[in-house]
Amino acid sequence: MALARNLRKADEEDNCRNVVCKTFASKMASAGDATPKSPHVEKKKPPVRYWQEAAKDATNENNAEKDQNESKQMPSKKLARQTKKKTQSAKKKTQSAKKRKQEMEQPDEKTFISGKVDPFPGPAPIPQDRMQKFRRKDKIEKPGRKRPKLNKMLTHSEEASEMAQTQAARFDLLLPEEAGFLEGDEGEDTCLISQEDIADAVDITSGAKYFNLKLSQFGPYRVDYSKTGRHLVLGGKRGHVACIDWHSKDLMCEINVMETVNDVKWLHSEAMYAVAQKKWLYIYDSKGIELHCIRKFNDVLRMQFLPYHFLLATASATSFLQYLDVSVGKEVAAICTKTGRLDVMCQNPHNAIIHLGHHNGTVTLWSPNQKEALVKMLCHQGAVRSVAVDKAGTYMVTSGMDKKLKVYDIRTFKPLNSYFIPAGASCLSLSQRGLLSAATGDVVQVYKDVWNSPVTKPYMAHRVRGTVWGLQFCPFEDVLGVGHGDGFTSMLVPGAGEPNFDGLDANPYRSVKQRQEWEVKALLEKIQPELISLNPIELGQVDRATFQQRHQDRVQALGYDPLEKEKFIPKYKKKGRSSAGGVERRKKKVAHEDQRDVIRRTVEDKMKAEKERKQKEMKTALLCSQKAALDRFKK
Amino acid sequence: MAKVVEKKSAKRRVKKRSKGIKEKPEVAYDEEEEETITSEEEEEEKDGEDERKHRKLLEAISSLGGPRRKRVAERSEASVQMSEFTVTTAGEAGDQIDLSELIGTVEQTPGGPSKTAKQLKNLQRIKKTIESPLSKQQSQKIQRAVAFQKASAEVSRWSGVIRQHQRAEQLVFPLNQDPSGPKPMEKVVMGWKARTPLEEEIFSLLTANKQPIDDPVLTPADEASVRAMSLEEAKIRRAELQKNRALQSYYEARARREKRIKSKKFHKVQNKGKKKEFLRRFEEMVKTDPAAALEELSKMELARMQERMSLKHQNSGKWARSKAVMAKYDQEARRAMQEQLEVHKELTERVVQKEEEEEEEEEEEKLPEIVNDAEHGGDSSNPWMRGKLTQEPREEQKGDSAELTGQEEQEEQQEEQSVGLQQEEEEQQEEQQEEQEQEEEEEEELLLRQFQSRRKVRQEQFHPGPEEAPLEEAELLDQEHTGDVHLVEAPPPAGAPPPAGAPPPTETVAPVRKRKRRRGIELKEVLTKGTVEVQAPLPLSVEEDQDREEVQDREQVQDQRGLIREAFAGDDVVSDFLKDKTAQEDAAKPKLVDLTLPGWGEWGGVGLQPSRSKRKRFRVRAPPPASRKDTKLPAVIISEKRNGGVGVHQVSTLPFPFENQEQFESTIRVPTGRTWNTERTVRKVTKPRVVTQLGSIIQPMAREELLKDRRQKTVAMATRKL
């Protein structure tokens, strides 16, 4: 038994092999069961040899005789033809009969020349749930045989989508890493397990990911991990900024900007980061050299970086939401939200919409394309303290001054769950796998699965040494970075990070060369800011706006109406013919002409309509030729 | 049989020819050839006649002058004097042969076939002249048409192949290439043929000795037949199907028969029986299969809903009305109506589900009001947290709440006042609107109305209605007891039993207050989820608080209650939001357009209003506004503005073969890039339509292609038959 378990363990290392073996084993078992019961499964016959030919000939002859007997009974006409083909057909018949017999024995299995039988015919089955995971669209009803072209098109697209789905499901095997959660013993709360215990229990490299940085001088710290999760930037309120390659604990740079630092954020790669300082927004490189001071962005309190659009969104104390395109260094949009100081901000990674929290309990959703909020939701009775949106853009979690924590379905804007946290949550962060961390004063609580079932207890909790100021889960790691009054704490949270990374998107182990290549590709694939909208699928839909609406858009975009009729400006004529009266007369003439045109057209239209109507009537009259009693009075 | 058919066709042919071939020729080509031949013969005949005439003329002329000469017997061809058909129209009258004469000879000759006689008789009867032959142009036209038909038939044989090619996903030229890549083992071995002389010699030896050379391969048709089921199986299946069909037809016949029975009593009895049966089954089901029983219950619930929605048994239909007229005199009618009502009652009766729920409700009713006003454990100081909570209060807190009631009352009053003010504002807005609408009315009337409405407002201010006063409050605090079905009905997770410290959230189903609001905005759902209190494992340290206060300079050192009060001083979140929402809705509403010109058709001047009828005539009523996306979401304002940026990149009209948007969108839905697909999928999706091999000659399609196509078809047919 133990050995079996060991074996299974060994098998699990190679996932692919494992699956194949399992199916193999099951099939084998079933075949073994079947053999004693079914006597018709015979042993494979060896290929026919010449010493066996004699017996076969005898049977052939028998068949031939039979044929002859039959042919005698047939009418004389057909006989000639029959005799011609007789020998051939006889041969064929026996052969086909043999084949048929073989086929009857193994109806599904393909036979090879070597005599082996494929025990698992056809492609390997894919589990239903995995297929479901990769489904992109529902099947659509086909129009039938009436429209062959459309039918063909639809079937092609359906085939393609099906293939994409099955292939993706098949290749899902190649993601070998699995995520797990902390599980306490019976009667033990996972939230009472201390970080030290976890660090002791796990392997050394993972244990090293729990560490504290004691930085009490430049107090409370804001935190940001780069997209790959490899690099960390810390911004102390009192001007201390540091970049760390936190896996190797390698300090990349450390500066003091000698100003208040409100927020720090990595840009698209670990080569650059933005710092929102007291007055302006600054961009530094990883060596700590100031690259830009952007004077258009003042009093920035919070920042978000949209990685696929290369946009840096900033929220300022003057209630401005601004977008900076970091690839070209241009301000894309500046929106005055008119809602006071903006110090709560997050982005929806699914559709690149910015969520802002306000003092009046509302959360507003913004895109750079619209000067007013796309959506305004009343979430709390007090001010909103923090907002977070999950990776798939399905759920939004908010916390407010009313000490409540609310979970919303952001697709329908409906509330799902509401929690009461005694101390209230000041910072929220959602991990890639849906763990929620909430900071209540100096305690960091981590919740599991807040949206599905009501949670009464946190999954983990940890007390840090100062008030929590910044909080972020590290991508692709089971680590939560906490910036607080007394420095920085890297916490272990099992099950937080996505175990499988996409090497082409965010590769934590990439080299400099790979990074450069990725940068070029990402820039080529940059999404334009106009395409940001609440529903990213909208782009693939037919624009159902009316012509008027579209025309309006066009006018707005162009700045003039392209369909507008040119205004008549009378030519200047000499010899007193351009007197005011003459000009006026000419204008009137033209206006009259235009009007006549219009009238003519309308009259023509009317006539046409009338004619059509009459024709229709005639037709109907012809069709139902039954005459009424008074029809004879008709003209 | 075949002969008869041939004859018929021949006859038809004859007829057609006689008609002059004006119809479109649909006959075979060879027939046409015949046609041309006959016309040629006719022409020859004509020539002969002419010659004859000419000769006669010459003779006549020669005979005119001079005495009669002895005719020199001359040898000449018979054909000159006599037509080969022995029928000459011209010449001496005596020469003309009548048909009757011929017939006579025919009749006399005993060996003559009766058929020809008959034909001749027929000919005699029909005294129509034969129509002249077609003109050259016409005959050519017919020939051309026939030729075209032939050619088109020839070409149309290719249409299948061409269609196949058009529909093919990818065409690789030159066609008929062997697919590259690895072949299956069998094919390689089977397809191998002896080429070199040595191999051929070996093979000849093998064949001479009757050695097996290759494995026989089945034709596709054979394979299909093999794949088909055996005879016995087929028989069994057929019998089964037959039986099923018979049963179905019996059942149908019976149902039809029963349906035709007009006796009401019969149906009544039957229905009753059915019902009884159902009840019996249901009870059984409750015991054996509770899930199915639940489903049945839900069905009943649905039926109840439907009944409640419809007016079916409420004696409001045509029949019922007619009965109602009669009811006074007719006992029967009265009873029928009563029955209807009973049915309605029965259907709308609430299905009793569980006794437990009832008990709970009773408990709730028994509980005093104060319970609902109790406060939460940690935040007795928080005014937001007061109100009906989902949790049962602890006893220590009751005292707290009692202490705080005074303050509460004050706050409530404040709120009421604010509500009153707000209402006044709203009312004034309404009034303004009304004024706009009622401009056509006379001034006196208007004044009167305003006066009345103001009086109403004042009255309301003095006596706030019992229902309307706690409006805001209810909205604010309703949150705790909305029917959170999800929370109520879902069983607690088995893995995590609720801790003793935090009592589980009790399900309180609040009585639904029916209140009609003008705008239809109910903020009941705002902030309306039963809150779950979360246990804090680590309490906050006091030191921490000081730290925070240091940091958050806006929040001063105060007790929590004061702090919150300060934060929300004059801050009515909900009403602000509501105002915002109504403003947005109003802004989006289309406005009324007034096109009246004062002074047209009547007196104008200062102080003179255009007449009412005129205004009515020239006022363009705007269409009703389209429903907003957020009508059903009270706590949400969704902007209705169009995102033009995306519109530029969207498809504005449906592309050609698609019938509706869904079809197009579904084809667009699947991404083709490498980021989202595996390599093979990408290659399949982005396959080019036509591939030509570099440097190879692309020959036009040969006839073999056609044959291949046909063979495929026949195979397909065979398999279908089997």
Side-chain angles (χ1 to χ4, degrees), chain A residues 48 50 53 95-96 99-100 103 113 136-137 140 143 149-150 152-153 157 160-161 163-164 167 171 191 220 360-361 369-370 372 374-378 381 402 413 415 417-423 441-443 453-454 456-457 461 463 466-467 485 530-531 533 538-543 549 553, chain B residues 167 185-186 189 210-212 216 218 222 226 378 384 493 498 502 526 529 531-538 540 544 547-548 551 573 576-577 633 635-639 641-647 649-652 654 657 659 661-670 677-678 680-681 684-685:
Chain A
V48 184
Y50 69 93
E53 200 71 348
Q95 282 165 359
S96 64
K99 259 276 148 77
R100 201 176 298 156
E103 288 284 335
I113 256 216
R136 287 231 170 78
K137 63 170 191 181
I140 196 161
K149 201 163 190 180
L150 175 61
K152 188 188 100 187
M153 220 163 192
S157 97
S161 84
M163 184 181 175
Q167 288 272 312
F171 279 63
C191 58
N360 58 358
N369 305 315
Q370 201 165 314
E372 65 172 41
L374 300 173
V375 177
K376 192 174 181 185
M377 316 171 58
L378 182 61
Q381 283 152 13
D402 57 357
F413 310 112
N417 279 339
S418 168
Y419 298 98
F420 179 79
I421 293 178
D442 62 341
V443 178
S453 52
T456 51
K457 253 188 302 183
R463 188 194 293 279
T467 319
E530 297 96 65
L531 299 180
S533 67
E538 200 184 353
L539 196 63
Q541 288 170 340
V542 179
D543 191 7
Q549 247 173 335
D553 284 350
Chain B
R167 287 185 189 172
M185 175 68 165
E186 286 75 23
V189 176
K210 289 186 181 175
Q211 287 287 339
L218 283 182
D222 282 341
V226 165
W384 297 107
V526 187
K529 283 285 154 178
T531 47
V532 178
E533 192 173 352
V534 176
Q535 256 194 331
L538 308 167
L540 278 178
E544 216 38 63
D547 241 4
R548 181 168 53 177
V551 168
V573 172
D576 277 354
F577 187 82
L633 299 163
V636 180
I637 303 170
I638 299 174
S639 164
K641 261 192 191 160
R642 211 173 105 75
N643 184 5
V646 177
H649 301 278
Q650 272 176 313
V651 176
S652 55
L654 203 62
E659 279 174 326
Q661 270 102 340
E662 284 72 44
Q663 286 169 352
F664 172 68
E665 279 157 20
S666 87
T667 52
I668 284 286
R669 184 82 189 82
V670 183
N677 287 317
T678 57
R680 243 173 82 194
T681 319
K684 189 204 151 96
V685 170

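What you are looking at is a predicted structure, and each value in this text was computed from that prediction instead of being measured. Residue numbers begin at 1 in each chain, while the letters A, B, ... track the order of the sequences.
The minimum heavy-atom distance linking F664(B) with V542(A) is given by the pair CD2-CG2, 3.3 Å. Considering every non-hydrogen atom in both T681(B) and A160(A), the closest pair reads CG2-O, 4.2 Å. Taking both residues in full, the closest heavy atoms of F413(A) and L633(B) are given as O-CD2, 4.1 Å, listed atom of the first, atom of the second, then distance. Of all heavy-atom pairs between S666(B) and S157(A), the closest is O-OG, 4.5 Å.
Looking at V646(B), both its backbone and its side chain come within 4.5 Å of chain A, counting heavy atoms on both sides. Only the side chain of F171(A) comes within contact range of chain B, judged by heavy atoms closer than 4.5 Å. Proximity to chain B is limited to the side chain of I140(A), based on heavy atoms less than 4.5 angstrom apart.
Looking only at distances, a side-chain donor or acceptor of Q650(B) sits under 3.5 Å from a matching main-chain atom of E538(A). Remark: the backbone N or O of I637(B) is not paired with any side-chain donor or acceptor of K376(A) at under 3.5 angstrom.
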field: Intermediate values then yes/no, side chain to side chain contact (heavy atoms under 4.5 Å, CB included), V670(B) and K137(A)
entry: CA-CA 8 Å; V670(B) 183; K137(A) 63 170 191 181; 4.1 Å; yes
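Contacts of Q370(A) classified as side-chain hydrogen bond (donor to acceptor under 3.5 Å, both in side chains), with partners at least two apart in sequence or in another chain: S639(B). Shown here are the side-chain hydrogen bond (donor to acceptor under 3.5 Å, both in side chains) partners of D553(A), two or more places apart in sequence or in another chain: R642(B).
The most heavy-atom pairs under 4.5 Å with chain A, out of E665(B), K684(B), R669(B), come from E665(B). Ranked by heavy-atom pairs under 4.5 Å with chain A, the list H649(B), E662(B), K641(B) is led by K641(B). Of the residues considered (Q549(A), K149(A), E372(A)), E372(A) shows the highest number of contacts with chain B, using heavy-atom pairs under 4.5 Å.
The shortest distance between side-chain heavy atoms of M163(A) and R680(B) falls below 4.5 Å.
Between Q663(B) atom CD and L150(A) atom CG the span is 4.5 Å, to the nearest 0.5 Å.
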